[in-house]
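Written out below as structure tokens is the structure these notes cover.
Starting from 1, each residue takes its place in the sequence as its number. What you see is a predicted model, and the numbers here were worked out from it, not measured in a lab.
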Amino acid sequence: VQLQASGGGLVQAGGSLRLSCAASGRTCVGRTFSNSAIGWFRQAPGREREFVSGISRSGSTLDADSVKGRFTIGRDKSKNTVYLQMDSLKNEDTAVYYCAVDARAVLSSGPRSNPTFYDCWGQGTQVTVSS
């Protein structure tokens, strides 16, 4: 199945949002969600899709420089989701946020930022930050 991103909305600059990524059953590449490397990406109007944060199968994380210190990626094992906690939001964080699976990630590898490695893209969730 494709991944489902949720939790977006309208927030004032400086505020916070928490996004969630989930999949019911196995992902579109056959791996269970809990055993998958997951990446968060975003795409603003007129711009290319860009990497935001990723979490590997072993739990290591990687953040884009633009969100370091403000965004946190993690797994909520009780809900079988991957979350993206976004604090100190800025206008430039406005975008549609997507989560996806790095299907070829091995257990020892860290998160990868290149979107071409990812599959099972869902419809995304809109985040709008106002001044």
Side-chain angles (χ1 to χ4, degrees):
V1 296
Q2 306 303 110
L3 302 190
Q4 181 63 48
S6 62
L10 174 64
V11 63
Q12 287 190 331
S16 298
L17 280 175
R18 186 180 178 101
L19 306 184
S20 290
C21 177
S24 56
R26 292 186 176 271
T27 67
C28 72
V29 294
R31 179 168 287 161
T32 59
F33 184 79
S34 61
N35 195 31
S36 297
I38 303 296
W40 280 100
F41 295 81
R42 65 187 181 188
Q43 188 166 18
R47 301 187 64 178
E48 293 187 352
R49 189 168 296 185
E50 65 173 355
F51 174 78
V52 177
S53 296
I55 186 165
S56 72
R57 293 175 59 188
S58 63
S60 62
T61 62
L62 177 69
D63 298 313
D65 288 343
S66 59
V67 305
K68 277 182 181 177
R70 300 189 298 122
F71 290 11
T72 303
I73 188 172
R75 294 187 189 272
D76 185 334
K77 294 182 179 180
S78 66
K79 298 180 180 179
N80 195 27
T81 61
V82 171
Y83 63 83
L84 182 68
Q85 178 66 41
M86 306 188 297
D87 299 318
S88 303
L89 283 162
K90 304 177 180 179
N91 290 343
E92 51 263 44
D93 294 320
T94 295
V96 178
Y97 284 71
Y98 303 86
C99 58
V101 176
D102 183 348
R104 289 164 287 276
V106 297
L107 190 58
S108 60
S109 64
R112 297 191 284 189
S113 60
N114 190 329
T116 62
F117 291 126
Y118 289 81
D119 297 290
C120 312
W121 300 89
Q123 291 188 339
T125 185
Q126 175 71 47
V127 172
T128 303
V129 183
S130 64
S131 300

- prompt: Should we say atom CD of E48 is surrounded by more than 12 heavy atoms from elsewhere, each under 6.0 Å from it?
  reply: no

message: Tell me whether the count of non-hydrogen atoms from other residues, nucleotides or ligands lying under 6.0 Å of CD in E50 goes above 12.
response: yes

- request: Assert yes or no for the condition that the ring centre distance of Y118 to Y98 is strictly below 6.0 Å.
  value: no

- prompt: How about W40 and F71: are their ring centres within less than 6.0 Å of each other?
  reply: no

Considering only heavy atoms from C-beta outward, does the side chain of [X] approach that of [Y] to under 4.5 Å?
X    : Y    : result
I38  : D102 : no
T27  : T32  : no
S130 : L10  : yes
T61  : S53  : no
T94  : V127 : no
V101 : L3   : yes
V82  : S20  : no

message: Determine whether V96 and T125 satisfy the following criterion, side-chain contact (heavy atoms from CB on, under 4.5 Å), listing intermediate values before the conclusion.
response: CA-CA 5 Å; V96 178; T125 185; over 6 Å; no

Once rounded to the nearest 0.5 Å, what's the spacing between atom [atom1] of [X] and atom [atom2] of [Y]?
X   : Y    : atom1 : atom2 : value
S16 : R70  : OG    : CZ    : 10.5 Å
L62 : S56  : CG    : OG    : 10.0 Å
S6  : Q123 : OG    : CD    : 12.5 Å
T72 : D63  : OG1   : CG    : 7.0 Å
N35 : S58  : CG    : OG    : 10.5 Å
S60 : I73  : OG    : CD1   : 10.0 Å

task: Tell me, please, whether F117 has R112 positioned over its six-membered ring: NZ or CZ under 6.0 Å from the ring centre and within 45 degrees of its axis?
output: yes

task: Please determine if R18 forms a cation-pi arrangement with Y83, meaning its NZ or CZ atom is less than 6.0 Å from the six-membered ring centre and no more than 45° off the ring axis.
output: yes

query: Between D76 and T81, does any side-chain donor sit less than 3.5 Å from a side-chain acceptor?
result: no

- prompt: Between N91 and S131, is any side-chain donor less than 3.5 angstrom from a side-chain acceptor?
  reply: yes

Locate the shortest heavy-atom distance separating [X] from [Y]; write the atom from each residue and the value.
X   : Y   : answer
L17 : G7  : CD2-O, 3.9 Å
R75 : R57 : NH2-CA, 4.2 Å
S36 : R31 : OG-CG, 3.3 Å
F33 : A23 : CD1-CB, 3.9 Å

- request: Kindly determine whether L19 and M86 satisfy side-chain contact (heavy atoms from CB on, under 4.5 Å), including the steps that lead there.
  value: CA-CA 8 Å; L19 306 184; M86 306 188 297; 3.7 Å; yes

- request: Treat each ILVMFWY residue as a node, draw an edge where side-chain heavy atoms are under 4.5 Å apart, and state whether V67 and L89 are in one component.
  value: yes

- prompt: Going by an N to O cut-off under 4.0 Å, is there a salt bridge joining D93 and R42?
  reply: yes

